[in-house]
There are 2 protein chains.
Amino acid sequence: MAKGKRAAAMAENRAKLIRAARTAFATQGYADASMDELTAAVGLTRGALYHNFEDKKGLLWAVVEQIDGEMAERLRIVREQAPSLWLGLLAEGSAYIEMALEPEIQRIMLLDGPAVLGDPSKWPGENACLDITMRTIRALIEEGIVKPVDVEAAGRLLNGAALSAALWVAAADDPKSVLNKAVDAFRALASGLLREAREPA
Amino acid sequence: MAKGKRAAAMAENRAKLIRAARTAFATQGYADASMDELTAAVGLTRGALYHNFEDKKGLLWAVVEQIDGEMAERLRIVREQAPSLWLGLLAEGSAYIEMALEPEIQRIMLLDGPAVLGDPSKWPGENACLDITMRTIRALIEEGIVKPVDVEAAGRLLNGAALSAALWVAAADDPKSVLNKAVDAFRALASGLLREAREPA
DNA sequence: TCACTCACATACGAGGCGTATGTCAAGAGG
DNA sequence: CCTCTTGACATACGCCTCGTATGTGAGTGA
């Protein structure tokens, strides 16, 4: 019973650091986030940081992986609740746009993450969000609803469109009204993937 | 004649600094670019930098504005050479994707720029690229070729799709083959804006 | 010629990162 | 129960970079 005492404490400290990093990176941005302040906020020092993670960038990696997993899970739920695959794809897009409204996701995953860690397409967990989108598109192609386009290409562009929509909405003075325009435009673009001009149920 | 001697020298030094910054930011990234090295590379010191620009961020602003203007000019030429408005829009998208292959544009305009300066939609010169795309879409709507979607929304999402395509292509092991897939997918998505399913000439 | 301006260089202070070193609790073994 | 080892974390140090305050010399007008 007393065997895992150290390991448990270490895991907890790791979690605390990641939690602190999520808020610090989200509010101040990666570059302006001080590791001294960040660690002190949870009662630790930079020593704990460099022991648990490779370096500052390693901490960002851990944060990105965690958020990526959460986003994938949320998108999975949205997709499964939709009455059809096609509507699921559209719902995913809308959900993605709305998620990017959250400062944490916007700042860490969409701005600093790519700038510091490089292209998201090469992230481990290889962008679980994209993976989900691609699986949906593949299924739609097999059902004959979507044109036989390259699955990865379609997924990436669709995600990219949703991403820029999200950034636009987030920076808008009136996010609410802009959100509607963005979602409409997203559905229009997505319909370009359809085999028939008529949109399916 | 001897009147503008100081002003001319200053303009030249500004240009030299911007040129040096373009290469430094492109090769090392904004965060890792040292202002000492950058200025020394053109025979100046940080004194010149902080006299000509607000700060490091100000230098990035100047670089971004310059590149933005160049991109807009190149896109304008591509668009004007196309045989029709619709094909011009597609050509613009392809050209945009190809431009993002250039490390300078990719790193500065697509990665570090947004991370450091904030959302590109609020940049002065307000993203000349987007402006051009929006004008084209507006014309296409007036001609009845494109659905009456929100012009800004469509333009932003289309640019976003092209952007993510570019990042994907740039990071690919075999950019050539991936480029084709990306362009195809872009055309498919763009066709979703059409009023008729059939693509116009 | 002389005073003034201004573009730029030099010098300084603050802060952040990464690492080398120290320290103390938790387990192992006798 | 005592000692030894391990390892998680704290402390201390050096290096680099940014931004600013101050110095300086060429250019300019009277």
Side-chain angles (χ1 to χ4, degrees), chain A residues 1-21 23-64 107-108 112-113 115-118, chain B residues 1-21 23-64 108 112-113 115-117:
Chain A
M1 186 58 68
K3 192 167 56 160
K5 203 166 176 190
R6 312 233 344 220
M10 188 175 181
E12 192 164 337
N13 281 342
R14 261 187 71 97
K16 279 202 285 188
L17 288 172
I18 293 179
R19 244 177 288 150
T23 68
F25 290 161
T27 56
Q28 312 173 26
Y30 174 81
D32 291 340
S34 164
M35 298 317 236
D36 276 322
E37 291 179 11
L38 193 157
T39 51
V42 292
L44 296 170
T45 68
R46 284 211 328 266
L49 207 169
Y50 287 95
H51 186 73
N52 280 282
F53 303 92
E54 188 74 15
D55 54 2
K56 187 179 182 181
K57 207 182 285 188
L59 179 59
L60 180 58
W61 271 112
V63 168
V64 162
R107 180 84 222 193
I108 298 177
D112 288 338
V116 176
L117 304 178
Chain B
M1 185 59 69
K3 193 169 60 166
K5 202 164 174 188
R6 312 235 340 225
M10 189 175 180
E12 193 163 336
N13 282 342
R14 261 187 72 97
K16 281 203 285 190
L17 288 172
I18 292 179
R19 245 177 289 150
T23 68
F25 290 162
T27 57
Q28 313 172 23
Y30 174 81
D32 291 339
S34 163
M35 292 317 196
D36 276 322
E37 291 180 11
L38 191 157
T39 50
V42 292
L44 295 170
T45 67
R46 286 210 329 273
L49 206 169
Y50 287 95
H51 187 73
N52 279 283
F53 304 92
E54 189 74 17
D55 53 2
K56 187 179 183 181
K57 207 181 287 188
L59 178 60
L60 180 57
W61 271 113
V63 168
V64 162
I108 299 176
D112 288 338
V116 176
L117 304 178

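Within every chain, numbering begins at 1; the chains are lettered A, B, ... in the order of the sequence lines, protein sequences first and strands thereafter.
- In this structure, of C/dT10, D/dA10, D/dC18, it is C/dT10 that holds the atom nearest to the side chain of B/Thr45.
- The shortest heavy-atom contact between A/Gly29 and A/Asp112 is CA-OD2, 3.4 Å.
- Atom-to-atom, CD of B/Glu37 to C1' of D/dC18 comes out at 14 Å; the value is rounded to the nearest Å.
- Rounded to an integer number of Å, the gap from CZ of B/Phe53 to P of D/dT20 is 16 Å.
- Atom CG in B/Leu49 sits roughly 14 Å away from atom P in D/dT17 (whole-Å rounding).
- Heavy-atom nearest nucleotides on DNA chain C were determined for A/Tyr30 and for B/Arg14, and the one closer to the 5' end corresponds to B/Arg14.
- Interatomic distance, OH of A/Tyr50 versus OG1 of A/Thr45, reported as 11.0 Å (0.5 Å rounding).
- With distances taken from any side-chain atom of B/His51 to the nucleotides C/dA7, D/dC18, C/dG16, the minimum falls on C/dA7.
- Between D/dA8 and A/Asn52, no contact under 4.0 Å exists linking OP1 or OP2 to a side-chain N or O.
- Residue A/Asn13 places no side-chain N or O under 4.0 Å from the OP1 or OP2 atom of D/dA8.
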TODO: Please step through side chain to side chain contact (heavy atoms under 4.5 Å, CB included) for the pair A/Asn52 and A/Leu59, ending with a clear verdict.
DONE: CA-CA 9 Å; A/Asn52 280 282; A/Leu59 179 59; over 6 Å; no
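- The only option from B/Val116, B/Asp55, B/Leu117 that meets the side-chain contact (heavy atoms from CB on, under 4.5 Å) definition with B/Trp61 turns out to be B/Leu117.
- Atom-to-atom, CD of A/Glu12 to C1' of D/dA8 comes out at 14 Å; the value is rounded to the nearest Å.
- Residues A/Phe53 and A/Ala62 share a closest heavy-atom pair of CE2-CB, 3.6 Å.
- We find that NZ of B/Lys16 is positioned 12 Å from C1' of C/dC8, with the value rounded to whole Å.
- A distance of 11.0 Å separates CG in B/Leu49 from CG in B/Asn13, rounded to the nearest 0.5 Å.
- Closest non-hydrogen pair, B/Val42 versus B/Ala20, comes out as CG1-CB, 3.8 Å.
- In this structure, A/Gln28 places its CD atom where more than 12 heavy-atom neighbours from other residues, nucleotides or ligands lie under 6.0 Å away.
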TODO: Any chance you could list the contact pattern along nucleotides 18-24 of chain C? Use B for base contacts, S for sugar-phosphate-only contacts and - for none, protein heavy atoms under 4.0 Å, 5' to 3'.
DONE: BB-----
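- Residue A/Ala33 is in sugar-phosphate contact alone, with no base atom involved, counting any heavy-atom pair closer than 4.0 Å across all strands shown.
- Residues that satisfy the salt bridge (charged side-chain N to carboxylate O under 4.0 Å, His left out) test with B/Asp36, not counting sequence neighbours, are B/Arg46.
- Following rounding to the nearest Å, A/Asp32 (CG) and D/dG19 (P) show an atom-to-atom distance of 10 Å.
- Comparing the start and finish of the helix from C/dT1-D/dA30 to C/dG30-D/dC1, five pairs each, the helix axis swings through 0°, to the nearest 10 degrees.
- Minimum atom distance to the side chain of A/Leu44 is reached by D/dC9, of the listed D/dC9, C/dG16, D/dT17.
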